[in-house]
Chemist: 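Quick one: the structure is below, and I'll ask about it shortly.
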Amino acid sequence: MRTESMTERLDAAVAILQSHDQGHLTDGLESVGTSEVQAFIEQVESIDFEELQTLVTKGATNDGIPEALEPAPVIPRHPKDEETFRSAGEQLIRQGEIAAFTVAGGQGTRLGWNGPKGTYPATPITGKPLFRVFAEQLNAIDQRYGIETPWYLMTSPLNDAATHAFFRDNNYFGRSPESMLLFPQGVMPAVDDEGRILLEAPGVIAVSPDGHGGSLRALARSGALDHAADRGVKHLSYFQVDNPTVHAIDPLFIGLHATHPASSGEMSSKMVPKIAAGEKVGVFCSVGDRTRVIEYSDLPAKHATATTEDGSLRFIAGSIAIHILAVDFIDRLTTAGSETAMPFHLARKKVPFWDPKNGETVNPPEPNGTKFEMFVFDALEFVDQGLVYETDRVEEFAPIKNADGGDSAKSSGQLQTERAARWMEVAGSKVARNEDGTVNGQIEILASTALSAADLEAGSCPELAPGSQLVF
Ligand code: UTP
């Protein structure tokens, strides 16, 4: 039964919709129950119609691609004074100033997995889910430094409950639940080509997560920034849920971010050299004194294909979505006025919708609507000196995006094995390889055994016999 206050709220919601030419959203509302009406009112109240109106009329709120693009300067993989920076990073970790931050709010449409992406089996032999891979790394870090690393994990309203349940069912993989904070990101409505918001069902507005860039305002809204500040955390080590080889907490990268003269300590990023001009990764560029990532689809061809004297790509710094962000910086970005608002990007997508004419759900064969997303790398625009550090592709980039083919669990598993093999070979161990150089077998090294090649003791590693599997 509708209460008086609910009727008032519904009237107010309808008035808001009408004043923004979105009155059609009440189509079919008379056929749904009280709790659905309640949920509908909450959806309407949570939408920023002014923001949406601007997006619909003006398009993307980023400024387009600047003319004066230069390649961003990059700190090499083994920088001068490497050990000093690593020690500085270790000191910050030991002092409890570093937390892990995983973005896991994506819909994982390409993977087509029935559940949060973090529950997907990722390792080549034991098929550990991604969430376990990161939890075990953090457990090893905690053990090593005698700390309890806070872990912030962004979900979305679509996968939040399933993610909570997964961690609960697995006893948080041995981590203390108090040190973890799972929180859903924001959503944005999808609109049709006339700027009319789409309905998913009667009384249900079609929404989708607001992009990984939405993570910054979600950190603020959820109380995660306060949680971090209360614990003395100064920096968040940001990574995506679909990269099992990421170094969740990397002392050298942290040391560079916090103490290198080329960094303002606000936001730093890792890059890998692009392997081809057409590789579909964003590229780190400089625009005036600012660092920016330009998406592959936006990088003008003359830049994408330009080469240097030695024949390598001029714009070579590919973004692998690994960053460190200062808590103070995120706080500034999310509490200040609109001058630091993150821009939205528009993507045309197939958005299933409910058609009030015949009361049916339509699954369009072609893109029919627009979704709005923020990208985390756009925060670089507000950074004084954004440091970019080179890492090695095999060492920490083995993404799982697709069910098969490139960037699948299979290709990622091969990279995980290759990395493990390299670590073993550095330690003087024998690894069976095929004639083409690929590893003849599969390897998984536990995070409790080693977090990097340097942790494997020379002479103490097992060997990989041809065609075998090795977990140690
Ligand atoms: P992707 O851009 O690969 O998207 O996200 P996705 O949703 O995982 O997969 P597709 O495109 O639907 O197939 C890169 C990372 O950013 C996170 C994802 O969870 C992944 O870790 N992400 C993306 C969010 O947390 N929220 C978003 O709104 C979008």
Side-chain angles (χ1 to χ4, degrees), residues 55 100-120 122 129-131 133-134 151-160 162-164 166 181-190 206-222 224 236-246 248 269-270 279-282 293 295-298 318-323 325 330 342-352 367 369-379 396-409 411-412:
L55 289 168
F101 179 31
T102 311
V103 287
Q107 291 177 290
T109 3
R110 283 169 288 171
L111 192 59
W113 173 246
N114 186 17
K117 222 185 208 184
T119 65
Y120 193 74
L130 287 152
F131 285 139
V133 171
F134 307 132
W151 187 9
Y152 302 109
L153 212 158
M154 185 178 79
T155 62
S156 84
L158 312 174
N159 68 17
D160 187 63
T163 307
H164 274 276
F166 186 73
L181 206 72
L182 280 66
F183 56 90
Q185 68 178 106
V187 290
M188 285 291 284
V207 293
S208 56
D210 60 2
H212 40 67
S215 63
L216 304 187
R217 59 187 192 183
L219 278 166
R221 274 188 205 144
S222 64
L236 305 187
S237 177
Y238 170 107
F239 55 93
Q240 301 190 332
V241 73
D242 48 20
N243 181 12
T245 51
V246 68
S269 311
K270 281 188 180 170
E279 189 185 357
K280 293 183 174 176
V281 289
V293 171
E295 280 190 279
Y296 65 89
S297 49
D298 290 341
S319 171
I320 49 171
I322 301 174
H323 308 278
L325 293 126
I330 303 171
M342 299 270 284
F344 272 96
H345 300 251
L346 276 56
R348 276 191 58 73
K349 300 261 167 130
K350 294 183 218 167
V351 187
T370 302
K371 291 185 176 182
F372 305 94
E373 288 197 1
M374 286 179 275
F375 297 158
V376 74
F377 51 69
D378 283 330
E396 52 184 322
F397 190 49
I400 300 177
K401 302 275 184 196
N402 304 310
D404 37 46
D407 291 348
S408 64
S411 65
S412 173

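Both counts, for ligands and for their atoms, begin at 1 and track the order of listing. Owing to the predicted nature of the structure, the values given are computational and were not obtained by experimental measurement. Every heavy atom of this structure was used, including side-chain atoms; hydrogens, water molecules and symmetry mates were not.
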Chemist: Checking E396 now: which residues fulfil side chain to side chain donor-acceptor pair (under 3.5 Å) with it, not counting sequence neighbours?
Modeler: K270, T391
Chemist: In the structure I gave you, are the side-chain heavy atoms of F101 and L219 within less than 4.5 Å of one another anywhere?
Modeler: yes
Chemist: Do D210 and R217 meet the salt-bridge criterion of a basic N to acidic O distance under 4.0 Å?
Modeler: yes
Chemist: Taking side chain to side chain donor-acceptor pair (under 3.5 Å) as the test, write out the residues that go with D160, two or more places apart.
Modeler: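 D160 satisfies side chain to side chain donor-acceptor pair (under 3.5 Å) with T155 once adjacent residues are dropped.
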Chemist: Name the residues with a heavy atom less than 4.0 Å from ligand 1?
Modeler: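 Within the 4.0 Å shell of ligand 1, which is judged on heavy atoms, sit V103, A104, G105, G106, Q107, G108, T109, R110, K117, M154, Q185, P209, G211, H212, Q240, V241, D242, K401.
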Chemist: Taking the side chain as everything from C-beta on, heavy atoms only, tell me whether F377 gets closer than 4.5 Å to E295.
Modeler: yes
Chemist: Check side chain to side chain donor-acceptor pair (under 3.5 Å) between R348 and all other residues, then give those that pass, not counting sequence neighbours.
Modeler: D193
